[in-house]
Novice: 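Quick one: the structure is below, and I'll ask about it shortly.
Protein chains get the first letters and strands the later ones, always in sequence-line order, with residue 1 at the start of each. Both backbone and side-chain heavy atoms feed into the values below; hydrogens, waters and symmetry mates do not. None of the values given here were measured: they were computed from a predicted structure.
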2 protein chains.
Amino acid sequence: MTDEPTRRRPTLDEVAEHAGVSRTAASRVLNNAPNVSHGKREAVLRAIKELGFVPNPTARALATQQAGAVALIIAGEDPAVLADPFYGQVIAGASTVLEETDLHLMLCLATSTRGQIRVKQLLQTRAVDGVMLMSLRGDDPLSRLALEAGVPAVFGGKPLHGEVPFYVDVDNVRGAREATEHLASLGRTRIAAITGPLDTDVGLARRRGYHEALTLAGVPFRAEEGGDFTERSGMAAMEALLARHPDLDAVFAANDNMAAGALRVLHRAGRTIPTDVAVVGFDGLTASEIAEPPLTTVHQPIRDLGREMTRMLLALIAGEKPSPLILPTTLVRRESA
Amino acid sequence: MTDEPTRRRPTLDEVAEHAGVSRTAASRVLNNAPNVSHGKREAVLRAIKELGFVPNPTARALATQQAGAVALIIAGEDPAVLADPFYGQVIAGASTVLEETDLHLMLCLATSTRGQIRVKQLLQTRAVDGVMLMSLRGDDPLSRLALEAGVPAVFGGKPLHGEVPFYVDVDNVRGAREATEHLASLGRTRIAAITGPLDTDVGLARRRGYHEALTLAGVPFRAEEGGDFTERSGMAAMEALLARHPDLDAVFAANDNMAAGALRVLHRAGRTIPTDVAVVGFDGLTASEIAEPPLTTVHQPIRDLGREMTRMLLALIAGEKPSPLILPTTLVRRESA
DNA sequence: CGGAGGACTGGAAGCGCTTCCAGTTCGGAA
DNA sequence: TTCCGAACTGGAAGCGCTTCCAGTCCTCCG
């Protein structure tokens, strides 16, 4: 602390010398390994303190062949995906788990060609001890790459194609089904849907839930329009739906952003929510609370998603063989339905 | 590629041997340094390709004394801060810049004691080549720590106390002033404010802007209530303001979330927006578009913030001496004012 | 009192890459 | 033909830490 600022940081060798022991012994106390006498241990500890020694993580990484970090890889078309507060929650969840370990979190956006290449390198060079992959679309080559690289990998949401051994997902089908059933139980019979991208598992799963509920309820009406999880696409979809089915009386949107967009379009069209048209979304983010009226939505435990993905990854790194995990959703009833 | 999967990755030594050159030469072509004859260079390149060699970043880091990563450190009281899409934008901005370099992005939440300790270690061990710090509150020790650690550091928003040499900020005072002036220009004379946390520079700066505008406009009325940038706090503040000043005719909220909360409270209280009460927010996030009615807001270039912070950090790492940067805001007029 | 066995100890060999520096080559100017 | 410097070359010394392994020391049992 009181040293001249530019002074080279002390090395373990210096600590050992200062303590009058071998470098080996010093290393042992650093990793509190056995086979160090109490006396030497004390001496080393003292030397460490006196010298203000801090082990060099890079050197340690080289020697132990462990990077000391895991990566969260977010795929997608556009760095703008991060505008979705969804990821913030995932990151927060992951962080709280990692905090308890000595691993750091690396964040990689595989949204551009350049980004993809870098992720590939990351995997190949084993610059991280494990990866979590999210938002893979279609048959993104990333999933195969990750699997082939032999790096522990867990997926957030199943990729559309190919089986992956380790993933944690949300029960999208069930959530969507419950949402739609709720609408049906309200007496609605002309329930439309604004789906998510159909080249993702989430998109398809939520649509499936919508279909299942309709079938179960014996409702013949069916109307859907695709969106890409943005508010804007929700507006467009709602407009299209309204044009085709002016008499619809409910809408299930595959996420809150799109539901919010739908709400605006419905307002403009003079429909009263929920009297004329009931709306339910999916996510349970702040957006659903801010919406007017507050949105009934399928809440998914995003924070838990991040947390569980990380736990699973840690287990994997520790050599265990965790099982895939499906997180439950809960319907949050507010005013829009 | 066709190798048995578990095969140890080739090292530079093996490449050199395969190519019939010294390790030194191989290293040179790897870093395309001069002093390698064309022939040998070709040979090495071929060997690299044939062996599928990928340099080990850890070893390189140890040898070059460069970590190959920078950290984005987010302070705050709670990992929940990440629920704010704000950070997603910053991250996206930072990522696009880092993508062009060979640096990775490390994300650290210094929201818990444990987190703080880890950040401290990160700084002391020089596990990263530079750091970007955001959302420091009050006199967070982090800023001093970062400065003392001698690691290149740029701040996102000035810390409240202490001078920091390198930062990029948004022109909060001006933005708030323009927002308030806009309200005044609408003929409003009883303009209240919902401020951000007053132990942050943003919070204070935006409040100052509000005050300045009022003074300039010669409006005597003054009423403010504090919030913490969450929607909930915005609601509470609005309720308090309404109770104290039932006759207010405009509200400036220090961010969109709080403005959205205010909107809801105003609705419930039966006020029409903007006829009875005009509202303007700050941020320009999706929330402002979703709100009902769409929120007039001070748009700040968050993505640019992330981008510029990163550029500044890169300059710093490169040994340059960049100047602080203040980004402009723009008033986006929508229906709420 | 001899030994077996457990608890320590530290020298030395890495981990995979960069880079200094002493030397070698070689074309072309003198 | 001789000599000089520019262009190469590669041995070797690190970067800072972990860990194998050959020993040394002690204690306690028979």
Novice: Would you kindly give the CG-to-P distance between B:L12 and D:dG11, to the nearest whole Å?
Specialist: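 It works out to 13 Å between those atoms.
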Novice: For A:Y167 and A:M312, which heavy atoms make the closest approach, and how far apart are they?
Specialist: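 Closest approach of A:Y167 to A:M312, heavy atoms only: O-CE, 3.5 Å.
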Novice: Distance check needed: C:dC15 P versus B:E14 CD, whole Å only.
Specialist: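 Rounding to the nearest Å, CD of B:E14 and P of C:dC15 are 10 Å apart.
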Novice: Taking atom P of C:dG14 as reference, at what distance in whole Å does atom CG of A:D13 sit?
Specialist: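 So the CG-P distance, A:D13 to C:dG14, works out to 18 Å.
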Novice: Please report the distance, rounded to the nearest Å, between CD in A:E17 and P in C:dG11.
Specialist: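 That distance rounds to 12 Å.
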Novice: Any side-chain N or O of A:N56 below 4.0 angstrom from OP1/OP2 of D:dG16?
Specialist: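 No, outside the criterion.
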Novice: Round to a whole Å and report the spacing from CZ of B:R60 to C1' of D:dG14.
Specialist: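 From B:R60 CZ to D:dG14 C1': 17 Å.
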Novice: How many Å lie between CZ on A:R126 and P on C:dC15, as a whole number?
Specialist: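 The distance from CZ of A:R126 to P of C:dC15 comes to 16 Å, rounded to the nearest Å.
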Novice: Between A:D140 and A:R137, does any NZ, NE, NH1 or NH2 come within less than 4.0 Å of an OD or OE carboxylate oxygen?
Specialist: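 A salt bridge is absent here (no side-chain N lies under 4.0 Å from a carboxylate O).
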Novice: Do the side chains of B:V70 and B:I317 get nearer than 4.5 Å, heavy atoms only?
Specialist: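 They are in contact (side-chain heavy atoms under 4.5 Å apart), so the answer is yes.
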Novice: Measure from CG on A:L30 to P on D:dC17 and round the result to the nearest Å.
Specialist: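 The distance from CG of A:L30 to P of D:dC17 comes to 8 Å, rounded to the nearest Å.
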Novice: Considering only side-chain heavy atoms of A:K40, which listed nucleotide, C:dC15, C:dG10, C:dC17, is closest?
Specialist: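 Between C:dC15, C:dG10, C:dC17, the one nearest the side chain of A:K40 would be C:dG10.
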Novice: So A:P34, base contact, sugar-phosphate only, or nothing? Heavy-atom distance under 4.0 Å.
Specialist: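 The answer is nothing, as A:P34 stays clear of every strand by at least 4.0 Å.
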Novice: Counting distance only, does the side-chain N/O of A:R9 pair as donor-acceptor with the main-chain N or O of A:G52 below 3.5 Å?
Specialist: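 Checking the backbone N and O of A:G52 against the side chain of A:R9, no donor-acceptor pair under 3.5 Å is found.
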Novice: For B:S135 versus B:A75, what's the shortest heavy-atom pair and its separation?
Specialist: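 Looks like O-CB, 3.6 Å.
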Novice: May I ask you to decide if B:E17's main-chain N or O and B:R23's side chain share a donor-acceptor pair within less than 3.5 Å?
Specialist: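 No; judged by distance alone, with no hydrogens or angles, the pair does not exist.
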Novice: Polar atoms only, N or O, under 3.5 Å: list the protein pairs with nucleotides 19-23 of chain D and their distances.
Specialist:
from   : atom 1 : to    : atom 2 : distance (Å)
D:dT19 : O4     : A:T24 : OG1    : 3.2

Novice: Locate the shortest heavy-atom distance separating B:L160 from B:D201; write the atom from each residue and the value.
Specialist: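 Heavy atoms only, the tightest pair is CD1-N, 3.9 Å.
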Novice: Check the distance between D:dT18's P and A:D102's CG and give it to me in whole angstrom.
Specialist: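 Rounded to the whole Å, the gap is 12 Å.
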Novice: Tell me whether the OP1 or OP2 atom of D:dG16 has a side-chain N or O from B:Q65 closer than 4.0 Å.
Specialist: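 True: B:Q65 side-chain N/O within range (under 4.0 Å) of D:dG16 OP1/OP2.
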Novice: Look at A:T11 and D:dC15 and indicate whether a side-chain polar atom (N or O) is within less than 4.0 Å of OP1 or OP2.
Specialist: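 For D:dC15, neither OP1 nor OP2 has a side-chain N or O of A:T11 closer than 4.0 Å.
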